[in-house]
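One structure below.
Small disclaimer: the values here were computed from a predicted structure and weren't measured. Per chain, numbering begins at 1; letters A, B, ... match sequence-line order.
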Protein chains: 2
Amino acid sequence: MYSFTEENYLKTIFYLSIGTQEGVSTNALADSTNTRAASVSDMLKRLAEKGLINYQKYRGVTLTEEGERLALLVIRKHRLWEVFLAEKLQFGWDEVHVIAEELEHIRSERLIEKLDAFLGYPKFDPHGDPIPNAAGEMPRFIYRKLSEIVEGTTVIMTGVSEHSPAFLQHLDKAGLTLGCQLKVNEISDFDKSVSVLIDNVRTLFVSHEVAKNLLVK
Amino acid sequence: MYSFTEENYLKTIFYLSIGTQEGVSTNALADSTNTRAASVSDMLKRLAEKGLINYQKYRGVTLTEEGERLALLVIRKHRLWEVFLAEKLQFGWDEVHVIAEELEHIRSERLIEKLDAFLGYPKFDPHGDPIPNAAGEMPRFIYRKLSEIVEGTTVIMTGVSEHSPAFLQHLDKAGLTLGCQLKVNEISDFDKSVSVLIDNVRTLFVSHEVAKNLLVK
DNA sequence: TAATTTTTTTAGATTAGTCTAAATTTTTTA
DNA sequence: TAAAAAATTTAGACTAATCTAAAAAAATTA
Ligand SMILES: [Mn+2]
Ligand SMILES: [Mn+2]
Ligand SMILES: [Mn+2]
Ligand SMILES: [Mn+2]
């Protein structure tokens, strides 16, 4: 049985490892976990001891197979709880993350399997992120950013790469929700903002900053 | 914000205080929390410091108004989660307690209010125990034990005073569920076991040990 | 490549919550 | 009511997780 803290480190290492072969640095971990590098060094020793990470001093860390499996099980729980909060309790997608941050550490396999069934075996969380299965396996979808779509193309909004409440609330106000159809009319030469036609009914100007964080297919 | 441990102590003091004016003893707390008396003494000092208990060395403890309010809020969360687990996730009443023991510490007022609404504002948990309101107030019902009911009387099963999985599973096997009608036919002179007519359809012999732990009205 | 800067680790403390063993207080018993 | 027993508290230690400051290693720069 691992502590909340250990589970959070594993999850953080997992996220920081995405899209890179190199090990995750001590400083990056300290940033993400809101601790100091010294504390991270300490914890890395313990996680290595337990066989959850590959760690050589000064070289950064990667997850072992077991470490990755555990990280994905925590992510599974996090995302399933987010679905529960959004779909059953009517929380906004900007509110679910902080609560799931606590719920993800509840230790009961039966609970999570029953929750999964209760929710109808969802494949994605409220932000469009895929939900790992009970074995700790997760499909990897590769989506493009709206900012990379060429003029004239029509796409579907499938996710976000920024999860802050502020960003998500901004999307709410703009009426941008998962699954909506976006036709890229024009990309401004001046500020790279994107003019999109939403669900064939209305036109919206999306800043480059926002477009960069919208995932589409 | 109080720690899981502090919340558990408050809850335990609350339960051990039921039906007595005297303070709860250090040893009783050590028993209930699976710790040693020395650890309890330490914790009592800290809880007194924070104004949650009335404590004088060697004299036992009682909850302050604030301590009791907090204890009841934890109990509220515990019981609401138990209802969720039993009604929505189909857990047996013998399984919900251990899981609720973890869920009761999730800190989000909005979460618990929304959960309450989702569950339809239940008044009782799966064991027949009343659910405190958001202000930390709980109605106190006084039920009798089946073992105290005189022959010929008909009652309704409203709760249990023993919550162990073994006992609850025993009731399941016997077909004794909350709300069933029990007519006391005869109480044995030999072993005080009770012969009851259940829902007017079948007769069952209930040991004194079981009858003592069945609450009826 | 040698000096400087940055990153990381080690050393030494701190806090919450726990423990055992010893001391103290209260309660019970004779 | 004094001795014995039981209950409780104190003393001193331990672990997990954290910190700051200092030392060491790696990376960058001149
Ligand atoms: Mn999240
Ligand atoms: Mn977490
Ligand atoms: Mn319970
Ligand atoms: Mn608890």
Side-chain angles (χ1 to χ4, degrees), chain A residues 1-14 16-17 20-63 67 70-71 74 101-102 104-107, chain B residues 1-14 16-17 20-63 67 70-71 74 101-102 104-107:
Chain A
M1 222 71 327
Y2 299 99
S3 69
F4 286 21
T5 312
E6 288 171 320
E7 290 189 345
N8 283 337
Y9 269 89
L10 293 177
K11 211 179 53 152
T12 306
I13 295 167
F14 179 87
L16 292 175
S17 298
T20 152
Q21 307 301 347
E22 285 155 57
V24 174
S25 76
T26 302
N27 268 346
L29 276 165
D31 272 2
S32 297
T33 56
N34 291 305
T35 59
R36 301 320 179 96
S39 312
V40 173
S41 274
D42 254 9
M43 179 56 88
L44 294 183
K45 266 181 248 164
R46 275 177 274 150
L47 292 175
E49 196 79 26
K50 299 186 181 184
L52 302 175
I53 60 171
N54 305 114
Y55 173 53
Q56 302 167 71
K57 290 202 294 188
Y58 296 101
R59 297 268 93 124
V61 290
T62 56
L63 293 172
L70 289 171
V74 176
E101 222 25 72
E102 294 192 45
E104 71 187 2
H105 301 290
I106 302 291
R107 302 165 204 295
Chain B
M1 224 67 329
Y2 299 99
S3 70
F4 287 22
T5 312
E6 289 171 319
E7 291 189 343
N8 283 337
Y9 269 89
L10 293 177
K11 210 179 52 154
T12 306
I13 296 167
F14 179 87
L16 293 175
S17 298
T20 151
Q21 308 301 347
E22 284 155 57
V24 174
S25 77
T26 302
N27 269 346
L29 277 166
D31 271 3
S32 297
T33 57
N34 290 306
T35 59
R36 300 321 179 97
S39 312
V40 172
S41 274
D42 254 8
M43 178 57 88
L44 294 183
K45 265 182 249 166
R46 273 177 273 150
L47 293 175
E49 196 78 28
K50 298 186 182 186
L52 302 175
I53 59 171
N54 305 113
Y55 174 53
Q56 302 167 74
K57 290 202 295 188
Y58 297 101
R59 298 267 93 123
V61 290
T62 56
L63 293 173
L70 290 171
V74 176
E101 221 27 72
E102 294 193 44
E104 72 186 4
H105 301 291
I106 302 291
R107 300 165 205 296

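Minimum heavy-atom separation, B/Ala30 to B/Ala37: CB-N, 3.7 Å.
Proximity note for A/Ala38 (side chain, C-beta onward) versus D/dA21, C/dA21, D/dT18: the nearest is D/dA21. Of the candidate nucleotides D/dA16, C/dT25, C/dA11, C/dT25 has the atom nearest to the side chain of B/Tyr58. For B/Arg59, taking side-chain heavy atoms from C-beta onward, the closest of the listed nucleotides D/dT10, D/dC19, C/dT27 is C/dT27.
D/dC14 and C/dG17 make up a base pair, with Watson-Crick or G-U wobble contacts both under 3.5 Å.
Residue B/Thr26 places at least one side-chain N or O under 4.0 Å from the OP1 or OP2 atom of D/dT9. The side chain of B/Lys57 contributes an N or O atom lying less than 4.0 Å from OP1 or OP2 of D/dT10. Under 4.0 angstrom from either OP1 or OP2 of C/dG17 there lies at least one side-chain N or O belonging to B/Thr5. In terms of phosphate contacts, A/Ser3 brings a side-chain nitrogen or oxygen within less than 4.0 Å of OP1 or OP2 of D/dA17. Checking the phosphate oxygens (OP1, OP2) of C/dT18, no side-chain nitrogen or oxygen of B/Arg36 falls inside 4.0 Å. Neither OP1 nor OP2 of C/dT7 sits under 4.0 Å from any side-chain N or O of A/Ser25.
The shortest side-chain heavy-atom distance between A/Leu10 and A/Leu52 falls under the 4.5 Å cut-off. Taking the side chain as every heavy atom from C-beta outward, A/Ile106 and B/Ile106 approach each other to under 4.5 Å. Inter-residue side-chain proximity for B/Thr62 and B/Ile53 is flagged as unmet; no heavy-atom pair is nearer than 4.5 Å.
Per the geometry, CD belonging to B/Glu6 stands 12 Å off C1' belonging to C/dT15, to the nearest Å. Atom CD1 of B/Ile53 and atom P of D/dT8 are 13 Å apart (whole Å). Rounded to whole Å, atom P of C/dT9 lies 14 Å from atom CZ of A/Arg46. Rounding to whole angstrom units, CG of residue B/Asn27 and C1' of C/dT26 are separated by 13 Å. Atom CE of A/Met43 is separated from atom P of D/dT15 by 16 Å (rounded to the nearest Å). We find that CD of B/Glu49 is positioned 14 Å from P of C/dT15, with the value rounded to whole Å. For B/Glu7 and C/dA16, the CD to P distance is 16 Å, given to the nearest whole Å. In this structure, the CD atom of B/Gln56 is 15 Å from the C1' atom of D/dT9, given to the nearest Å.
Within 4.0 Å of A/Tyr2, counting heavy atoms only, lies no atom of the nucleic acid at all. When heavy atoms are screened at a 4.0 angstrom cut-off, A/Ser41 is found touching base atoms of the nucleic acid. Looking at heavy-atom distances under 4.0 Å, B/Phe4 makes no contact with the nucleic acid at all. Residue contacts for B/Tyr9: at a heavy-atom cut-off of 4.0 Å it reaches the sugar-phosphate backbone alone, with no base atom in range. Nucleic acid contact for B/Ser39: base, since at least one base atom lies under 4.0 Å from a heavy atom of the residue.
Between B/Phe4 and A/Phe4, the angle of the ring planes goes over 60°, which puts this pair in the perpendicular group of the 30/60° scheme.
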Working for side chain to side chain contact (heavy atoms under 4.5 Å, CB included), residues B/Leu29 and B/Leu44: CA-CA 10 Å; B/Leu29 277 166; B/Leu44 294 183; 4.0 Å; yes
